[in-house]
Number of protein chains: 2
Amino acid sequence: MASDHTRSAILAAAERLYADRGFGDVTLRDIVAEAGVNLAAVNYHFGSKDELIAELFVTRSIATNRERLRELKAAEEQGGGRAPIEVILRALVGPTLRGCLGPENQRSTAARFMIRASIESVPPIRRIKNREIDHLRKFAGAMRRSLPDRSDVDIYWGLNFALAMAHHTIRESERLTKLSEGKCDLDDVEDVVARVVSVATMALTAGRSEAKAPSKVAAR
Amino acid sequence: MASDHTRSAILAAAERLYADRGFGDVTLRDIVAEAGVNLAAVNYHFGSKDELIAELFVTRSIATNRERLRELKAAEEQGGGRAPIEVILRALVGPTLRGCLGPENQRSTAARFMIRASIESVPPIRRIKNREIDHLRKFAGAMRRSLPDRSDVDIYWGLNFALAMAHHTIRESERLTKLSEGKCDLDDVEDVVARVVSVATMALTAGRSEAKAPSKVAAR
DNA sequence: GATAGTTTCATACAACTGTTTGAATTGCAA
DNA sequence: TTGCAATTCAAACAGTTGTATGAAACTATC
């Protein structure tokens with residue numbers, strides 16, 4: 001094991017290249033060239049290309065999930081087991097948004113890698129994502145405790161929409177900038193977080209009857 | 001040109017295979033085998049694999065966009081140039097949701113293909129998507145006319161969030177079903193449309209000051 | 001029914017992919 | 001130093017990919 005230098009050089013190079021160019025057109029040869037190591041080193045240290053990708057993704061996922069749960073737990077402890085819904089939602093979408101948006105030069109390689117992972121869903125990553133449900137369930141639980149009057153269905157839809165707004169904004173941030181001709185400032189991350197949390201909160205706290213039939217006009 | 005039989009057989013086979021297995025692992029050889037034509041036919045009729053994919057995507061995009069604009073125009077004409085925001089949003093997300101959700105066996109190949117296209121963004125499709133901005137601008141215009149007091153920034157964010165909820169729900173429909181243990185019924189498309197429209201409407205019509213600072217707790 | 005243009009076909013090509021091999025090198029313990 | 005395991009390396013492998021080629025088959029026109 002000695003130095004682990006080769007191993008971590010591969011990880012760093014792979015993350016950087018995937019972040020920049022996507023999974024589609026980055027080959028093992030690109031990675032080892034960038035890392036300055038031998039081609040066979042990847043299979044020696046990771047077993048296969050897929051396992052290399054999986055390791056990268058797992059590492060970053062764990063970090064984000066831990067950050068999310070840390071915020072959630074802190075909030076619930078402070079509120080005696082019940083946190084305000086805004087704070088829960090903030091814990092859910094905040095870490096991801098903060099990691100992936102903000103000024104270009106401040107966006108970490110790790111964050112850009114995770115954006116790629118969310119855009120180009122590649123087999124090894126898809127397998128891991130399926131395990132993320134347990135993590136989301138913890139948030140669903142906290143939301144239920146925060147809004148005990150709300151039905152489970154509404155809770156899940158609220159959770160779904162919160163993630164939707166956060167992830168879509170990240171994925172399509174370029175398009176939103178272009179569409180709005182720069183008027184939507186995606187570098188102001190805290191504003192984005194506030195907007196997402198605000199809308200998701202409204203979705204979860206609006207009068208129940210309106211959820212299914214918002215108005216006579218919009219109703220089927 | 002004669003019969004066009006080969007050409008359309010390729011298109012049909014390609015759409016079916018891409019819908020079922022994704023772009024990643026469908027080769028030209030798979031397509032021509034499914035279509036019962038010769039390998040060289042693809043390059044003869046379409047020029048390249050990318051142009052085949054692009055043609056498929058453009059065809060389907062045009063159909064959806066036309067449907068959207070048809071609904072939008074009808075609504076604006078009925079309202080004398082100003083449609084209620086709910087109706088505009090419904091025209092924006094309805095056609096896509098209706099095409100891509102609903103009972104599995106009713107989902108057309110075309111719809112499943114478009115889901116794939118939204119999940120696995122492949123170069124030729126990405127190029128086309130960038131041209132879709134003009135289309136979205138028409139909706140932004142209608143929304144502005146419907147909500148003249150709203151700032152442009154709020155309009156664009158509302159548009160962004162509406163698309164976010166619709167697309168994310170389509171992309172992650174399986175996960176939502178699993179997470180909610182079947183409680184969220186994605187086969188009831190009109191309910192999904194109503195939920196998305198409802199939340200997007202709230203996002204666009206809520207008190208302006210709250211948009212940026214929903215509450216003292218959630219504010220930075 | 002010959003001719004010209006279009007379409008199909010089998011086949012080859014060139015490039016690239018992830019992975020394997022077995023020998024060379026290194027680092028460390030005895 | 002010697003010995004042994006861990007690591008690195010160049011090279012080759014086997015498979016797949018999209019594309020190109022040139023001959024064959026077809027189709028319609030005169």
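Each chain gets a letter, A, B and so on, in the order the sequences are listed, and its residues count up from 1. The model shown is predicted, which means the values in this text are computed figures rather than measured ones.
Relative to the side chain of R29(B), the nucleotides dT6(C), dT17(D), dT19(C) differ in distance, and dT17(D) lies closest. Listed nucleotides: dT16(D), dT20(C), dA12(C). Nearest to the side chain of T27(B): dT16(D). Side chain of K49(A), nearest nucleotide from dT8(D), dT6(C), dG18(C): dG18(C).
Between H45(B) and dT8(C) there is a side-chain polar atom (N or O) within less than 4.0 angstrom of OP1 or OP2. Look at N38(A) and you'll find a side-chain N or O under 4.0 angstrom from OP1 or OP2 of dA10(D). For dT8(D), the OP1/OP2 oxygens have a side-chain nitrogen or oxygen of T6(A) closer than 4.0 Å.
Between L11(A) and L52(A) the shortest side-chain heavy-atom distance falls below 4.5 Å.
Side chain of T109(B) to backbone of R16(B): no donor-acceptor contact under 3.5 angstrom is found.
The aromatic rings of F23(A) and Y18(A) sit tilted, their planes meeting at an angle between 30° and 60°.
As rounded to whole Å, 14 Å separates atom P of dT17(D) from atom CD1 of I53(B). Regarding N43(B), its CG atom lies at a distance of 18 Å from the P atom of dA12(C), rounded to whole Å. The distance from atom CZ of R7(B) to atom C1' of dT8(C) is 16 Å, rounded to the nearest whole Å. Per the geometry, CD1 belonging to I10(A) stands 14 Å off C1' belonging to dG18(C), to the nearest Å.
Residue-level contact check: A40(B) touches the bases, meaning some heavy atom is under 4.0 Å from a base atom.
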- Would you please test L147(B) and D154(B) for side chain to side chain contact (heavy atoms under 4.5 Å, CB included) and show each step? CA-CA 10 Å; L147(B) 302 171; D154(B) 286 350; over 6 Å; no
